[in-house]
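This report concerns only the one structure given below.
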2 protein chains.
Amino acid sequence: MSRPPEPILGLPTEPTQARRFGKTRTAQSSAIAEDYAELIADLLASVGEARPTDIARRLGVSHATAIKTVARLKREGLATSRPYRGVFLTEAGEALAARVKARHRLVVDLLRAVGVPAEAAEQDAEGIEHHVSDVTLAAFEAYLQR
Amino acid sequence: MSRPPEPILGLPTEPTQARRFGKTRTAQSSAIAEDYAELIADLLASVGEARPTDIARRLGVSHATAIKTVARLKREGLATSRPYRGVFLTEAGEALAARVKARHRLVVDLLRAVGVPAEAAEQDAEGIEHHVSDVTLAAFEAYLQR
DNA sequence: CCTGAAATGTAGTCGCAGCTACACTTTCTG
DNA sequence: CAGAAAGTGTAGCTGCGACTACATTTCAGG
Ligand SMILES: [Mn+2]
Ligand SMILES: [Mn+2]
Ligand SMILES: [Mn+2]
Ligand SMILES: [Mn+2]
């Protein structure tokens with residue numbers, strides 16, 4: 001007979017903590033897809049096309065890396081592309097990009113609102129955004145409208 | 001002759017954006033080490049030892065994964081361990097754990113302060129914490145003392 | 001309209017973080 | 001104190017995201 005999960009002083013319960021870390025890992029694995037979707041949408045909107053080289057330069061990675069990751073987006077139904085013809089977003093990809101872009105803005109705004117300097121806010125938001133849940137996002141929105 | 005880097009409407013300049021994404025990638029690669037250090041310190045403080053199985057259960061990963069990652073921490077000079085004898089932190093590891101723990105608390109407190117519900121704050125902080133720079137952290141602290 | 005530069009694609013390698021399976025050691029317990 | 005249970009370690013596999021090197025295709029200037 002195994003002992004019942006005895007809670008430890010100050011620490012969350014074991015399954016609770018495991019679930020939290022697990023969700024964080026999941027969020028992390030979608031982070032790159034989110035950034036690609038957002039960036040591709042931005043490029044399509046501002047310059048009319050999203051070429052692998054441009055994506056790569058903006059992300060600071062090699063073009064080979066960008067191309068491989070775009071292949072993953074295609075596998076996941078977020079993007080389309082044909083050889084030598086640039087990258088586009090599917091409906092799902094555009095929807096993701098829109099959500100991600102709105103969230104990005106909100107996170108930056110919240111950081112600015114609590115006194116974080118502009119460049120730090122932009123920098124940190126790039127990572128933070130991927131870990132902000134809908135509940136938290138709603139709280140940010142409420143806070144900003146107060 | 002290559003065209004001068006013409007800025008694009010609404011988008012950050014190319015090198016700026018690349019630098020931001022790069023820093024985010026770097027932060028991400030230290031995230032796991034940070035969580036391990038914090039957790040090992042917590043276990044040592046609360047139950048007196050940090051066994052691979054406990055670490056694994058708390059993180060929600062297999063014990064094999066925990067052991068491999070601890071090996072990486074040892075390589076990086078953050079932890080020590082001997083076969084079948086549990087894991088300990090080096091001075092560097094303890095210093096990291098202390099910083100990480102303080103930052104974790106501050107992030108949760110900030111989220112709570114702007115109206116994020118308790119569980120969402122705890123959950124999201126687990127990922128957010130790894131992307132909060134010192135500048136942002138200072139701003140959080142100032143805000144909380146307003 | 002040719003040709004060289006730029007972009008694109010592909011192959012192969014690496015480290016990390018996950019997993020399962022299995023072997024071995026330590027600890028607990030009847 | 002012997003055997004069972006629990007913990008530990010190792011091997012081998014996967015996918016991802018990064019890289020370099022090289023081959024191929026497109027495209028723009030002369
Ligand atoms: Mn981002
Ligand atoms: Mn973003
Ligand atoms: Mn964390
Ligand atoms: Mn933490």
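Naming convention: chains lettered A, B, ... in sequence-line order (proteins, then strands); numbering from 1 in each chain.
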Straight-line distance of B:Arg103 CZ to B:Leu106 CG, nearest 0.5 Å: 10.5 Å
Got a sec, which residues hit ring pair (Phe, Tyr, Trp, His ring centres under 6.0 Å) with B:His63, two or more places apart in sequence or on another chain? none
5′-ward residue of the pair A:Pro83/B:Arg82 relative to DNA chain D: B:Arg82
Atom-to-atom span, CZ of A:Arg51 to P of C:dG9 - whole angstrom: 11 Å
Would you indicate, yes or no, if C:dT27 has its OP1 or OP2 atom less than 4.0 angstrom from a side-chain nitrogen or oxygen of B:Arg85? yes
Can you give me the N/O atom pairs linking the protein to nucleotides 23-25 of chain C at distances under 3.5 Å, or say none if there are none?
from, atom 1, to, atom 2, distance (Å)
C:dT25, O4', B:Tyr84, OH, 3.1

Using atom CD of B:Glu49 as one end and atom C1' of C:dT27 as the other, report the distance to the nearest whole Å. 12 Å
Charged N-O contact under 4.0 Å between A:Arg25 and B:Glu126: no
Can a side chain N or O of A:Thr53 be found less than 4.0 Å away from OP1 or OP2 on C:dA6? no
Hey, which of A:Arg99, A:Glu34, A:Glu122 is the one that makes side chain to side chain contact (heavy atoms under 4.5 Å, CB included) with A:His104? A:Glu122
With the sugar-phosphate defined as primed atoms, P, OP1 and OP2, and the base as all remaining atoms, what B/S/- string results for nucleotides 12-21 of chain C, 5' to 3', for protein heavy atoms under 4.0 Å? B---SSBBB-
Is it true that A:His131 and B:His131 have ring centroids separated by less than 6.0 Å? yes
With a 4.5 Å cut-off on side-chain heavy-atom distances among I, L, V, M, F, W and Y, is there a chain of contacts connecting B:Val87 to B:Val100? yes
Tell me, do B:Gln123 and A:Val135 make a side-chain contact under 4.5 Å, heavy atoms counted? no
Let me know the distance between CG of B:Asp54 and P of C:dT27, rounded to the nearest Å. 14 Å
For A:Ile67 and D:dT25, what is the distance between atoms CD1 and C1' respectively, to the nearest whole Å? 12 Å
When rounded to the nearest 0.5 angstrom, what is the spacing between OG1 in A:Thr80 and CG in A:Leu89? 7.5 Å
